[in-house]
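We count ligands from 1, going down the list as the structure has it; atoms in each ligand are counted the same way. Atoms considered below: every heavy atom in the structure, side chains included; atoms not considered: hydrogens, waters and symmetry mates.
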Amino acid sequence: MQIKEILQLSPESQNVVVKGWVRTKRGQANIVFINLNDGSTIKNIQAVVEDGGIDEETLKKITTGACIAVSGILVASAGSGQAVEVVAKSIEVYGTADETFPMQPKKHSLEFLREKAHLRFRTNVFGAIFRVRHALAFAVHKYYNDNGFFYLHTPIVTASDAEGAGEMFRVSTFEPNSAPKNEDGTVDFSQDFFGRETSLTVSGQLEGELGAMALSKIYTFGPTFRAENSNTTRHLAEFWMIEPEVAFYELEDNMNLAESFVKYVIQYAVDNCKDDLEFLQNRLLEEEKSKPQNERSEQTLLEKLSFVVENSFERLTYTEAIEILLKSKPAQKKQFQYEVGWGIDLQSEHERYLVEKHFKKPVILTNYPKDIKAFYMKQDEDGKTVRAMDVLFPGIGEIIGGSQREDNYEKLMTRIGEVGIDPENLWWYLDTRRFGSAPHSGFGLGFERLVLFVTGMSNIRDVIPFPRTPKNAEF
Ligand code: ATP
Ligand code: MN
């Protein structure tokens, strides 16, 4: 049985075996307390070794980090802090850990733990984060399954660049120094593994659209890769993205889906990760104590999560947002680093002003200028904007980016020409607009940004087991 299950039993002096990693061992003259954790819950189980119950030799091997199996009887605990404990009758030591084990029972900085990513799972904070991450991933699948969506596996190796941004990782089997060349000296990719230039995908959307044009409602949930050199607390080079794509949905339906989906998965975590979220909330409260009063957050983590679930997201157009920003105090006082004006790509400082200062709730911005958005977004009648929607969250900024897609073949071809994409490379995508085209919409949610929000962590490197960022792929 896992510790989570054992902690729920009523103690009747029954025999139990608990297996786990030693968090602490406290010894007194004739009694020793061992705290064990097996990752099934944030809670430890206490094993009690009564005088002479276990031989000295074995006891000596039991130190922080060791892995042991305790056989004993389950009794009501005499101490406070736990309802039950195990009185040890025998202990098997699976693996010892000497004093160089880095996860000693004291406070470690998150930076330190990042350098020990192979062992940081064994701390309370990372145990909590990865259990919450799991619950959110499960809730994603549950939400879409319950709502008639099909999980579509789009390729990880691709020959297309969905965003036309050129920030992709190349996939090749060529030796770097001896790649075959064309006469003009460029690399001859026709001789490469796939017979063409290929990369790791930045998005499953284009293939997702192909699925939606037959299955109606699909979603993807897979790894995506971006070779952008953004060393921020919100960017990874490898991250997981959830991308629903739905036939017959217009922008309004797309917004409704995004809002209902995000609220559902947050509520799922609140309902299923109570102990972990309370732990993370207390961690934040501790952290806040070292901040000046005016920088402390007004809401606890759980209050913030409930607030998002219970209130409707503010919806407005990009143009309306620009007007608000132009009239804002920081714009008047020239406190924004980047100047505000119609046509700019909103910076994080602008998004955060709207969400955290002006509306004080999640915001959905729509109808962005077409020049700052991808070629596939449906053009508005005004010829200037497209049916884009970004969902902005407090503390995070953009958590979702999506749009209604251009379903008109001619308009799409014109736009592709304007942005300089070779239609030859996208013939298969364009075919959906030639054969039974339909209005459709979708979006991408960055999974780690969601996990950041729900756990209240502040660096995206702490919510994925092994972060990939510029100059960092150690584990
Ligand atoms: P940003 O402006 O924050 O870089 P983006 O506009 O490049 O985001 P999209 O291409 O719309 O983002 O991707 C959809 C979603 O994927 C984003 O809303 C965000 O949640 C997430 N995302 C994008 N880039 C990253 C990244 N490098 N690391 C983690 N998540 C990301
Ligand atoms: Mn980006």
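The distance between the ring centers of Phe150 and Tyr144 does not fall below 6.0 angstrom.
Rounded to the nearest 0.5 angstrom, Gln299 CD and Lys360 NZ are separated by 10.0 Å.
Glu406 has a carboxylate O that lies under 4.0 Å from a charged side-chain N of Lys378, or vice versa, which qualifies the two as a salt bridge. Between Arg433 and Glu209 there is a salt bridge, since a side-chain N of the basic residue sits under 4.0 Å from a carboxylate O of the acidic one. Ion pairing between a basic and an acidic side chain is recognised when a charged N comes within 4.0 Å of a carboxylate O; Glu418 and Arg415 show such pairing.
Atoms of ligand 1 lying under 4.0 Å from at least one heavy atom of Gly446, given by number and element, are 15 (C), 16 (O), 20 (O), 21 (C).
Nearest-residue assignment for atom 3 (O) of ligand 1 (options Arg234, Arg449, Glu398; heavy-atom criterion): Arg449.
In terms of polar-atom proximity, Ile399 is counted as a contact of ligand 1, with an N or O under 3.5 Å from an N or O of the ligand. Geometrically, ligand 1 and Leu236 share a nitrogen or oxygen pair separated by less than 3.5 Å. Considering backbone and side-chain atoms together, Phe239 places no N or O closer than 3.5 Å to any N or O of ligand 1.
For the salt bridge (Lys or Arg N to Asp or Glu O under 4.0 Å) with Arg387, the qualifying choice from Asp380, Asp253, Asp382 is Asp380, the only one to do so.
Using a 4.0 Å cut-off between heavy atoms, Arg226 contacts ligand 1 through its side chain alone, with no backbone atom that close. Only the backbone of Ile400 comes within contact range of ligand 1, with a heavy atom under 4.0 Å; no side-chain atom does.
Contact annotation: Glu448 has no heavy atom less than 4.0 Å from any atom of ligand 1.
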